[in-house]
Amino acid sequence: MRVLVTGGAGFIGSHIITALLTAGHEPVVLDALLPSAHAAGPEPSAAAFTHGDVRDAAAVRAVLAGVDAVCHQAAMVGLGKDFADAPAYVGCNDLGTATLLAQMAEAGVRRLVLAGSMVVYGEGRYTCPRHGLVRPGARRPGDLAAGRFEPRCPECGADLTPGPVGEEAPADPRNVYATTKLAQEHLAAAWARAVGGTAVSLRYHNVYGPGMPRDTPYAGVASLFRSALARGEAPRVFEDGGQRRDFVHVRDVAAANVLALEAVDAFPAGALTAYNTGSGRPHTVGEMATELARAHGGPEPVVTGEFRLEDVRHITADPARLRRDLGWRAEVGFAEGMAEFARAGQRASAAV
C-alpha cells in the first residue's frame, strides 16, 4: 500500500514511517519542516520526501499520485505562546486539512487516518456523589491563583471524582489548539460524507518518546521536562503536579496508525470513526516528572504552583473501542518508556 504521510518528518510522523516500512508498505512524505519542530532538513529515511506545505494545493496534488491512503499528521501542536498564535494554528491545522481533503477528493483517494487528539474533550469525565455525572465549567483564574486546582461540582460545589472518557462524550475544546483539532474532525467527516470515503481519527493522548523536539514553547510537557534535564535543570511542574494524564509511547501510536490504515473493511464509508489512543493507565504529571528525573539521574522536579488558564485539570480516556475493533493495545509500559526517553536524543528546534 502506498501511503502519503503528511508531517512524516516530524516526531510522530517519522515513527509512523518506520512502522509502515517495517510492515512492507510504501510511505511517501510531505512535510513543511516548520521551525517549531525542525532546525534543519529531514533525517535520512527510505521513504520518498517532498518539502511542501499541506496548504499548497499544487504540492499536495503532486504527492497524491498513486497513493492508496493518507495518514494526516501535519499540524501545529501544543498550546503555543498566547492567543496571538491563533491564526497560525487555524492556518496550519484547519486550512491545511481542508486543502488536503479537497485534493484527495479530486484524486479519488478515499481513505484517511487523522492525527486526532484527546484535547477535543476539554475537561475529563467527573462524577459527583450527589449529582452523578457532571461537566465542570471553565476554570477561574482566582481559584487557580489560590491553589484551588480541582474542579468542583457545578451544582453543589462538592469534590468530584475523575474518570476515563469514552468516545461518545461531548466535545468541549478549551483552547485554540483543541478547537482546531475538533475542526479537523468535522472537516474529515464532511469529506467522508461527500465522497463516500472512510475517515478515522486517532485521538492521541500525551505522546512521548525518542525524537521529540526540544527547547520550544510548542512542545508537550514530557519534552519540556526532558529538555530541562538535558540542561541540568529541574523539571518545573505546574499546579500541584496532580493533573492526571495518559502518557502513551510514540511507537504504540505509530502501530495504531498502521493498524487503522490496514483495516480497509473495518470502518463505515461516508463517516468518521474516532478512537481514543492512550495506554489506559493514567499517571499524574508529577509522577511523570519524578520518573523521568529518576531515570535521567537529574535534579528532582520542582512543583511551582504556576498555571496556564487554557490547561485542563484531568483528561484520561478509555481505549477499549480501539482494542475491540482493531486489537490494538499499548505495549510500552510507563517505567520502561520513561527510562528509554530519559536516555534518548531529542530533535533540535529552531523555535525559541
Side-chain angles (χ1 to χ4, degrees), residues 75-83 85-86 89 93 115-128 133-154 157-185 201-208 217-225 236-248 274 276-289 303-319:
M76 191 171 173
V77 301
L79 291 185
K81 298 177 182 178
D82 52 42
F83 200 83
D85 283 328
Y89 275 102
N93 297 357
S117 175
M118 53 79 187
V119 295
V120 301
Y121 298 119
E123 282 285 353
R125 182 179 185 273
Y126 294 89
T127 54
C128 169
L133 185 64
V134 297
R135 295 189 64 79
R139 305 179 88 188
R140 295 182 294 188
D143 287 339
L144 299 174
R148 294 188 294 269
F149 302 120
E150 292 291 342
R152 298 273 182 166
C153 176
D159 292 339
L160 299 176
T161 301
V165 180
E167 290 89 349
E168 73 287 348
D172 185 19
R174 299 288 178 101
N175 54 62
V176 170
Y177 170 63
T179 302
T180 66
K181 296 307 289 184
L182 182 58
Q184 284 185 312
E185 290 194 355
S201 178
L202 298 176
R203 291 175 175 170
Y204 301 161
H205 279 254
N206 290 66
V207 186
Y208 74 96
Y218 301 96
V221 66
S223 179
L224 296 176
F225 291 169
R236 295 177 61 82
V237 180
F238 279 17
E239 301 186 20
D240 60 359
Q243 312 94 299
R244 287 162 57 89
R245 298 291 188 269
D246 187 327
F247 298 97
V248 59
N276 292 328
T277 308
S279 72
R281 299 181 290 273
H283 292 272
T284 68
V285 172
E287 288 171 345
M288 187 272 286
V303 177
T304 69
E306 297 172 86
F307 61 88
R308 295 186 298 183
L309 189 60
E310 301 87 354
D311 276 335
V312 298
R313 179 60 176 175
H314 304 296
I315 177 63
T316 62
D318 184 357

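- Within 6.0 Å of CZ on Arg174 lie more than 12 heavy atoms contributed by other residues, nucleotides or ligands.
- Here the closest heavy-atom approach between residue Asn93 and residue Ala75 is recorded as OD1-CA, 3.3 Å.
- Looking only at distances, a side-chain donor or acceptor of Thr180 sits under 3.5 Å from a matching main-chain atom of Tyr177.
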Q: Dump the intermediate steps for side-chain contact (heavy atoms from CB on, under 4.5 Å) on Leu144 and Phe149, then the final yes or no.
A: CA-CA 6 Å; Leu144 299 174; Phe149 302 120; 3.8 Å; yes

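- Taken to the nearest 0.5 Å, the OG atom of Ser201 stands 7.5 Å off from the NZ atom of Lys181.
- To the nearest 0.5 Å, the span separating CD on Glu167 from CG on Asp318 amounts to 7.0 Å.
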Q) Could you go step by step and tell me if Met288 and Val221 meet the side-chain contact (heavy atoms from CB on, under 4.5 Å) rule? A) CA-CA 10 Å; Met288 187 272 286; Val221 66; 3.8 Å; yes

For residues 115-122, tabulate all N or O donor-acceptor pairs below 3.5 Å that involve a side-chain atom, not counting sequence neighbours.
unit_1	atom_1	unit_2	atom_2	d
Ser117	OG	Val119	N	3.1
Tyr121	OH	Arg203	NH1	2.8
Tyr121	OH	Asn276	OD1	2.6

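- Here the closest heavy-atom approach between residue Pro136 and residue Leu160 is recorded as CG-CD1, 4.0 Å.
- Across all non-hydrogen atoms, the minimal contact from Asn175 to Ala178 is OD1-N, 2.8 Å.
- To the nearest 0.5 Å, atoms OG1 (Thr179) and CG (Asp172) are separated by 9.5 Å.
- Of all heavy-atom pairs between Tyr89 and Val77, the closest is OH-O, 3.0 Å.
- Taken from OH in Tyr126 to OG1 in Thr161, the straight-line distance is 10.5 Å, to the nearest 0.5 Å.
- Residues Ser279 and Asp246 have side chains that bring a donor and an acceptor to within less than 3.5 angstrom of each other.
- The minimum heavy-atom distance linking Pro151 with Arg313 is given by the pair CD-CG, 3.7 Å.
- Applying the salt bridge (charged side-chain N to carboxylate O under 4.0 Å, His left out) test between Glu239 and each of Arg139, Arg245, Arg244 identifies Arg139 as the sole match.
- Glu306 approaches Phe238 most closely through the heavy-atom pair O-CB, 3.2 Å.
- Looking only at side-chain heavy atoms (C-beta outward), Thr316 and Pro162 stay at 4.5 Å or farther from each other.
- Heavy atoms from other residues, nucleotides or ligands lying under 6.0 Å from CZ of Arg140 number 12 at most.
- Evaluated for a side chain to side chain donor-acceptor pair (under 3.5 Å) with His314, the options Glu123, Glu150, Gln243 yield exactly one hit, Glu150.
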